[in-house]
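Structure, as structure tokens:
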Amino acid sequence: MERGRSMAAAALIGVAVMAAVDEIVFHQLLGWHHFFDRSTPAVGLLSDGLLHTAELLGLVAGFVLWADLRRRGTLSAAHAWAGLLLGAGGFQLFDGLINHKVFRLHQIRYVPDLLLYDLAWNGAALALLAAGAVLAARARRRTGAAGRDGTETGR
Amino acid sequence: MTPGHDHHAGGLAVAAPAAVCLAVLLAAGYVVAAHRLRRRGDAWPWAWQASFVAGAALLAAAFAVRMPGQPFTAHMGQHLLAGMLAPVLLVAGRPLTLTLRALRPGRARRAVLAVAHSRPAGWLVAPAVAVVLDMGGLWLLYRTPLLAAADQHAWLHAAVHLHVVAAGTLYAFAVCQLDPVRRRWSLPWRAGALLAGGAAHAVLAKSLYGTPPPGTSFAPADLQAGSQVMYYGGDAVELLLAVIVAAQWYAATGRAHRRRVAAAAAH
């Protein structure tokens with residue numbers, strides 16, 4: 001089993017899935033987010049462009065790494081699930097704190113009282129991260145001993 | 001003055017028929033060459049041929065068909081087809097490989113090989129060079145008065161179109177590396193070019209949402225629609241390129257894995 005790789009591949013997918021949910025649900029379907037908010041500073045725009053592209057590439061890289069692990073029979077499903085949730089939660093938290101607050105790319109919704117939206121957004125992120133951490137600990141307990149004695153294959 | 005208004009009357013009067021003729025010639029040449037290979041018993045995947053012909057058709061359509069939407073949005077639709085999607089499909093058809101296999105040994109084939117393996121061609125298809133040529137040109141077009149000037153001069157307009165198509169093809173060629181050239185660039189270089197190119201494109205698209213190209217007077221709604229066409233269209237093409245690169249990696253790792261398994265079994 002390649003535990004670290006299983007988790008990393010799934011985390012890439014998790015980040016990309018969360019980014020896609022954000023783009024599709026909040027930008028396109030609900031129309032809550034603005035495509036571009038005129039108060040965005042240049043550095044925010046640059047970081048947004050880089051991250052947005054990295055997410056797209058991460059989606060493809062995550063899937064192809066996952067497919068490769070499966071093909072070679074070295075995918076650890078427990079670690080992959082943990083990675084998926086950690087990636088999704090990590091992105092959500094990054095989006096909520098850095099993109100929305102530090103870079104002020106756009107806000108969740110353009111309403112007078114934003115606090116509730118911010119709390120819900122970042123609370124959901126923390127919940128995802130916590131669930132991912134629990135799964136990671138369980139995966140580690142379950143396969144922790146096995147990985148050490150040279151069952152690592154592949155590379 | 002709004003570029004795109006007499007866009008189709010002025011600059012395109014010369015450029016459009018030339019582009020359509022070029023696309024038809026490219027597609028016809030490709031089909032003839034692939035037919036020659038198949039007739040002598042060589043395999044040449046139909047999917048590659050379909051990809052190239054579709055690319056040529058899109059290139060022709062970008063110049064022959066009036067794109068929907070207001071001037072800037074229509075311009076972006078054209079840019080997306082001719083400068084991004086068509087080049088990827090053309091490159092995915094492995095035109096250089098086909099040319100080398102279809103030509104009989106002789107002067108013409110040696111000349112093509114010499115160009116493909118020449119030092120300047122090697123530098124041109126370096127991912128870092130290709131991304132600067134493609135994205136640099138795009139930033140010049142939309143962030144200097146070039147777009148406004150191109151609307152005034154037909155020759156400049158044609159040159160801009162030529163650059164967009166040529167640089168887009170170069171970028172796709174450099175990132176995908178499906179054809180044999182002087183040097184093969186490693187995955188990190190190509191992934192880096194994808195990241196840099198995609199980011200430069202996304203930042204430019206978002207900035208166009210709020211700030212028009214200098215010297216132009218597009219309606220805000222047009223600008224906003226056009227910049228979103230650019231942003232999300234760019235995503236789609238970026239995804240397509242990434243899938244091509246990922247599929248290459250998957251196939252190569254699969255071969256390496258099978259070799260390892262076979263070597264382990266032999267011991």
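Just so it is clear: chains get the letters A, B, ... in the order the sequence lines come, proteins before strands, and each one is counted from 1.
- If you tally non-hydrogen atom pairs under 4.5 Å between each of B:Val243, B:Leu239, B:Asp235 and chain A, the highest count goes to B:Asp235.
- There is no contact between B:Ala200 and chain A, counting heavy-atom distances below 4.5 Å.
- B:Arg255 forms no cation-pi arrangement with B:Tyr250, by the criterion of a distance under 6.0 Å to the ring centre and an angle within 45° of the ring axis.
- Between B:His75 and B:His79, the ring planes lie parallel to each other; the angle is under 30°, not in the 30° to 60° tilted range.
- Residue contact with chain B, scored on non-hydrogen atoms closer than 4.5 Å, involves the backbone and the side chain of A:Ala67 alike.
- Geometrically, B:Arg190 does not engage B:Trp185 in a cation-pi contact, judged by NZ or CZ lying under 6.0 Å from the ring centre and within 45° of the ring axis.
- The line from CG of A:Leu135 to CH2 of A:Trp81 is 9.5 Å long, rounded to the nearest 0.5 Å.
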